[in-house]
Amino acid sequence: MAQKPSIPKGTRDFSPEEVLRRNYIINTLRHNFELFGFQPIETPSFENSSTLMGKYGDEGDRLIFKILNSGDYLNKVSEKTYESKDSNALTSEISEKALRYDLTVPFARYVVQHQNEIEFPFKRYQIQPVWRADRPQKGRFREFFQCDADAVGSDSLLQEVAFVQLYDSVFTDLGLKGALVKINNRKILSGLAETIGAADKLIDFTVALDKLDKIGEEGVIKEMLAKGITEEAIARVKPIFNASGSFAEKLSLLKELLVDSETGKQGIEELEYINTKIEALGLKTVGLDLDVTLARGLNYYTGAIFEVSAPEGVKMGSIGGGGRYDDLTGIFGLKNMSGVGISFGLDRIYLVLEELGLFPEQAIKGTRLLFINFGENEALYCLKAVQSLREAGITAELYPDAAKMKKQMSHADKRNIKFVVLAGTQEMEESVYTLKDMKSGEQHRVSIEGLIEALS
RNA sequence: GUGGUUGUAGCUCAGUUGGUUAGAGCGCCUGAUUGUGGUUCAGGAGGUCGUCGGUUCGAGACCGAUCUUCCACCCCA
C-alpha cells in the first residue's frame with residue numbers, strides 16, 4: 001500500500017469552507033485596521049537567527065524553529081563543538097536562520113532597518129503566520145496566524161484609547177457580544193512589588209498573580225511563598241485578590257495601596273486617563289474592565305497591558321492581547337521609540353464564532369448556479385449564459401463533462417449549489433433556459449435576462 | 001521540555017481471558033431511474049489493525065521503541 005500521507009504535528013489543512021470563514025474574519029480585521037489608519041506591511045517567514053534568539057527568554061529560544069544551513073553543514077562544525085555534544089553551541093554553528101516566532105520582533109527589526117523611510121508615528125498592521133515548536137493542544141498550534149496592529153513613535157495614551165476602540169469596532173462588526181477588554185498597567189504591578197518589598201521578584205510576583213483565576217487565591221499564595229515572597233508582603237496585596245466593583249472603585253483601592261510608590265501612581269494615572277476618555281466616547285459592544293491580576297508573560301511590556309476574554313459561557317481563553325513597550329527597538333539600536341500594539345487570535349476567534357453560530361451565510365457562499373452539460377453544442381449555448389451571469393457578478397459554472405444527469409445533479413447537491421440550469425435542444429430552439437431551484441424543486445423556463453434577474 | 005492519553009475501512013467507532021476468513025453505522029461506486037439531486041430499495045468495492053521490533057504454536061489484543069491524537073504542566077495566541 002502507498003504510504004499514508006500526513007502533516008506535521010500542530011499544523012492543519014483548511015477546507016474551502018474553513019478558508020472562506022477565516023477570510024471573513026481576516027477581511028473584517030483588515031477593514032477595521034485600515035479604517036483606523038494602520039498600514040499593512042509584510043516581513044519574511046524566516047529571519048536571521050540573531051534577530052530572534054534571546055528576544056523571548058530561554059523558554060522562547062527553545063520554541064523557535066531553526067532552519068538547517070544548506071550544504072555540508074556538519075563538516076564546518078568545529079571539532080570542539082562537535083565533541084562537546086552541546087546542543088546550543090552546535091545549533092548556532094549549523095543554523096543561522098529561523099522561522100518567525102511572532103510579528104512584533106520582526107516589526108521592531110523593520111522599524112529600525114527602515115527608520116529613515118518611515119514617517120512617525122507609524123501605525124502598521126500585519127496578518128501572517130508564525131511558528132512555534134510548542135507541544136500542541138486545543139486552540140494551540142505550531143503554525144498559526146497572528147493579526148497584529150502596532151503604533152510606534154508616540155507616547156500619547158490616546159493610542160491606547162484607540163486600541164480599545166479598535167477592539168470594540170472589530171467585535172461589533174463580527175457580531176460578537178460579551179467580549180471583555182481587560183486592562184492593567186505594568187507600572188501598577190511594579191508599584192505593588194515595590195510596595196511590598198519584592199521589587200526584585202517582580203516577574204515571579206506577576207506570574208503568580210496572573211494565575212489567580214486559574215488556581216485561586218490559595219494557589220497564588222502558595223506559589224508566591226514558594227518563590228520567596230514573605231507572608232507579610234502577601235498580606236499587604238491580598239485586597240487585590242478579590243477586588244470588585246467598577247473601574248473607578250478598583251482604582252481607588254489601588255490608590256490606597258500604592259500611595260508610596262511613584263511608579264504605581266503613574267500607572268494609576270494612565271489607567272484613569274484611558275478610562276475617562278473611553279467613558280466619554282462610549283463603547284458599542286465590548287466592555288472595558290480593570291484587572292489587576294492581568295500580567296501577561298511578555299517581558300517587554302512597560303505600560304498598559306491588554307487582554308480580551310471570550311464571552312462568558314464559551315470555553316476559550318483570551319482571544320486577543322497586547323500592550324505598550326517603551327523600548328522594543330532598543331535591542332536593535334534605536335532608542336526612545338515607544339510602541340503600543342494589540343493582537344487578535346484568529347484561530348480562537350474562529351472557534352468562538354463557530355460555537356456561537358455567528359458566521360453570516362452570505363460571507364461563506366460559493367457557486368450559486370450550475371449548468372448541466374448535455375454535450376458540445378449545449379455546452380457552448382450554456383457558456384454564453386455563464387459569461388453574462390459572471391459579468392453581472394453572479395458566480396456560475398458549467399459542469400465540465402457531459403456526464404450522466406444523476407451525477408451532475410448530485411454534484412450540485414453536494415456542493416450546496418442553490419440553482420441548476422438545464423438547457424438541451426428544446427431550450428436552445430426557444431432561446432430559453434430551464435432554471436431549477438434545488439431546495440424547492442420548482443423549475444421554469446426563462447431568458448438570459450430572466451436568469452440574471454432571478455439570481456440578483 | 002515533564003507527566004498522562006489515543007491510534008482498527010474515506011469518517012465515527014465495536015472487536016470477550018491471546019485462537020479459523022477482523023465487523024457496524026455513515027460515506028463512496030453500480031443499478032431500480034436514457035432530461036432531474038436529496039428520500040427509499042437491491043447489490044458492490046474498500047483494512048499490512050499507526051510503524052518497527054519482541055514474547056508466543058498462534059498477536060488487532062501482551063511487552064519495548066518510535067510517530068501521531070488529545071489533556072495537564074511550563075509557556076503562550
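Every value quoted in this text rests on a predicted model; they were computed, and no experiment measured them. Below, all heavy atoms of this structure are taken into account, side chains as well, without hydrogens, waters or symmetry copies. Just so it is clear: chains get the letters A, B, ... in the order the sequence lines come, proteins before strands, and each one is counted from 1.
Listed nucleotides: C29(B), C75(B), G35(B). Nearest to the side chain of Val207(A): C75(B).
Residues Thr434(A) and Gln443(A) bring no donor and acceptor atom of their side chains to less than 3.5 Å of each other. Residues Asn32(A) and Ser169(A) bring a donor and an acceptor atom of their side chains to less than 3.5 Å of each other.
Only the C1' atoms considered, U66(B) is 32 Å distant from A24(B), to the nearest whole Å. Atom P of U8(B) sits at a distance of 15 Å from the matching atom of G60(B), rounded to the whole Å. To the nearest whole angstrom, the two C1' atoms, one in A22(B) and one in C63(B), are 23 Å apart.
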Report summary line: Its contact letters, B for base, S for sugar-phosphate only and - for none at protein heavy atoms under 4.0 Å, make nucleotides 69-74 of chain B read S-SBBB

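Between Tyr399(A) and His411(A), the angle of the ring planes goes over 60°, which puts this pair in the perpendicular group of the 30/60° scheme. Between Phe163(A) and Phe38(A), the two ring planes are tilted [angle within 30° to 60°].
Between the CE atom of Met409(A) and the P atom of G37(B) there is a distance of 6 Å, rounded to whole Å. Per the geometry, NZ belonging to Lys406(A) stands 11 Å off P belonging to U36(B), to the nearest Å. Separating the NZ atom of Lys439(A) from the P atom of G38(B) is a distance of 18 Å, rounded to the nearest angstrom. Atoms NZ (Lys414(A)) and P (G38(B)) sit 8 Å apart, rounded to a whole Å.
Ring stacking is absent between Phe374(A) and G35(B), as the pair misses the limits of under 5.5 Å between centres and under 30 degrees between planes.
On a pure distance criterion of 3.5 Å, no polar donor-acceptor pair joins the side chain of Gln408(A) and the base of G35(B).
At the heavy-atom level, Gly321(A) lies nowhere under 4.0 Å from the strands shown.
Side-chain rings of Tyr350(A) and Phe14(A) stay apart, their centers remaining 6.0 Å or farther from each other.
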